[in-house]
Amino acid sequence: MSRPILAYIDQAALKHNLSITRQYAPNTHIMAVIKANAYGHGLIHTAHALKNADGFALLELEAAIDLRTAGYNHPILLLEGFFSMRELALFEKYRLSAVIHHDAQVEMLSQCQHRGLHIFLKINTGMNRLGFPVEYFSTVFEKLSCNPAIADITVMSHFATADEAKGNDNFKQQLHLFNRITQTSTLSQHAQNSGRHHSLANSAAIIRYPETHRNWVRPGLMLYGASPFADQSAIDLGLEPAMTLTSRIIAIQHLKKGDKVGYGCSFRTDKPMRIGIVACGYADGYPRHAPTGTPVLINNRKYRLVGRVSMDMLAVDITEAADIQLNSQVILWGKGLPVEEIAHYAGTISYELLCAVSKRVKIVVNQERRKNAD
Ligand SMILES: *Cc1c(COP(=O)(O)O)cnc(C)c1O
C-alpha cells in the first residue's frame, strides 16, 4: 500500500460553483481562472468540469498549450502575456490571447507578422502590480488599435481590495479611474468594434459588485468552492468545496502526563493522552504554521492538532475518541471542514493552501456526484 494522503476533486462541485457564478453574473462571459494547476486541483480534469465556461485564464504558457492540445477550443488568456518574440509565435500557433501590460510587449506586437490576435490591455488603476499608467492609457490604446496584428482589444484592470469592506475607498477609486479613462472621447472614436469590451471582476467583485461585471468576469477561488471574504463563508455564498484533502492515522501513541509531542517538544501532555499520527505534513502542502488547536475532521467530528507540523506527519489528540483506530480516515480540509478555517488558524488564506498541495499528493477525481449511492 502507498502513502494514504489523497486530494479528492469533486467535478460536480466545480460544475455547481460555475453555475453559482453564472447566477451571480448572468449577463457576462465567464473566464474561468485555472492558473497554478487550477489552484492545486489539477489542470485538465478541472477544465473538463468547467468546460461550460466561456474561456480560461492562466499564466503558464505550457499549461495553456496543453489545454489547447487537449482539444479545448475556448479563448485561453495568458494573464502575464508573452515574454519574448519566440513566445509570441506560440500565441499565434495555439490561438492564445494575451494580457498586454508593458511597453516591451507593445514593441514586440509592432514587429509581429501575425493576424487575429486577441488582447486584453491592462490598466493599472491602483494595484501597482501590472498595467499601463492611467495617463498613458489612451496613447497605447491608439497605438494598438492601429496595429494590424490585433483583432480586438478588451480593456482590463484588477482590484486590490474587492474582498475588503464593501464600498471601500480604494475599490471605489479604482473603479472610478477605470470608468473615467474608458469613457474618454478619443477612445470611443477608435473603438467602434473594440475597446468597448471590459474585464474587471475577480471572485470577490463578482459576488459583491455587479457594476463590475461588464463583458468578461474572471472567477478563480469561488469556482473551487472557497470564500474570498473573511466575514462570509463559502456555504453562505452557495459554494461547495471542490477539493477534500484526506489521509489516515498511521500510528497511535499512548502518552503519560508530561510527555512531549513532535519537533521542539512544543506540546506537553497535561494528562494521559492518546495521540494519532497522520500521514500529512508540510511537504504535502499542509501549513507548518498551523498551531496546536487547528481542527482536523475524523468520523465527522473535529479533533485538535497538537505540536508542530513536521515535513511528513502531524499529530492529533484522539484521547476522547475510542472509535478512532489505526487507518481511520482524516479530513484535513474540504467537505465538512472549510479550507478557510485551516487558513485562518495558520495565519494565511485559502488560496495559498490550495495552491500549495504538492506533487506527491495523489489527485483522485470524482466524476459524478454520488446521489443515491447509499
Ligand atoms: C488570479 C486572478 C484572478 C482570480 O482571482 P480570484 O480572487 O481567485 O477570483 C482574476 N484576475 C486576475 C488578473 C488574476 O491574476
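The figures that follow rest on heavy atoms only: side chains count, while hydrogens, waters and symmetry mates do not. When a ligand or atom number is given, it counts from 1 through the structure's own listing order.
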Using distance only, find each side-chain donor-acceptor pair of residues 170-179 under 3.5 Å and give its atom names and separation, not counting sequence neighbours.
{"from": "N170", "atom 1": "ND2", "to": "T161", "atom 2": "OG1", "distance (Å)": "3.1"}
{"from": "N170", "atom 1": "ND2", "to": "Q174", "atom 2": "OE1", "distance (Å)": "3.0"}
{"from": "Q174", "atom 1": "OE1", "to": "A160", "atom 2": "N", "distance (Å)": "3.0"}
{"from": "Q174", "atom 1": "NE2", "to": "T125", "atom 2": "OG1", "distance (Å)": "2.9"}
{"from": "Q174", "atom 1": "NE2", "to": "H158", "atom 2": "O", "distance (Å)": "2.9"}
{"from": "N179", "atom 1": "OD1", "to": "R214", "atom 2": "NH1", "distance (Å)": "3.1"}
{"from": "N179", "atom 1": "OD1", "to": "R214", "atom 2": "NH2", "distance (Å)": "2.9"}
{"from": "N179", "atom 1": "ND2", "to": "L175", "atom 2": "O", "distance (Å)": "3.4"}

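- Looking from atom 12 (C) of ligand 1 to the surrounding protein, the closest heavy atom is H158 CE1, 3.4 Å.
- V339 has its side chain out of reach of P241: every pair of non-hydrogen atoms, C-beta onward, lies at least 4.5 Å apart.
- The pair K302-E341 meets the salt-bridge criterion, with a side-chain N (NZ, NE, NH1 or NH2) lying under 4.0 Å from an Asp/Glu carboxylate O.
- With a 4.0 Å cut-off on non-hydrogen atoms, K35 touches ligand 1 through its side chain and not its backbone.
- At a heavy-atom distance under 4.0 Å, atoms from both the backbone and the side chain of R218 approach ligand 1.
- Using a 4.0 Å cut-off between a side-chain N of Lys or Arg and a carboxylate O of Asp or Glu, R22 and D54 qualify as a salt bridge.
- Scanning the protein for heavy atoms near atom 9 (O) of ligand 1, the closest one is S203 OG, 2.5 Å.
- We find the NZ-CG distance between K166 and D231 to be 11.5 Å, quoted to the nearest 0.5 Å.
- In terms of polar-atom proximity, defined here as any N/O pair under 3.5 Å, G220 does make such a contact with ligand 1.
- Protein heavy atom at the shortest distance from atom 7 (O) of ligand 1 is Y351 OH, 2.6 Å.
- Counting only heavy atoms of the protein, atom 8 (O) of ligand 1 lies nearest to Y39 OH, 2.6 Å.
- Counted within 6.0 Å of NZ on K271, heavy atoms from surrounding residues, nucleotides or ligands total more than 12; the atom is thus considered enclosed.
- Listed by number with element, the atoms of ligand 1 under 4.0 Å from a non-hydrogen atom of L221 are 6 (P), 8 (O), 9 (O).
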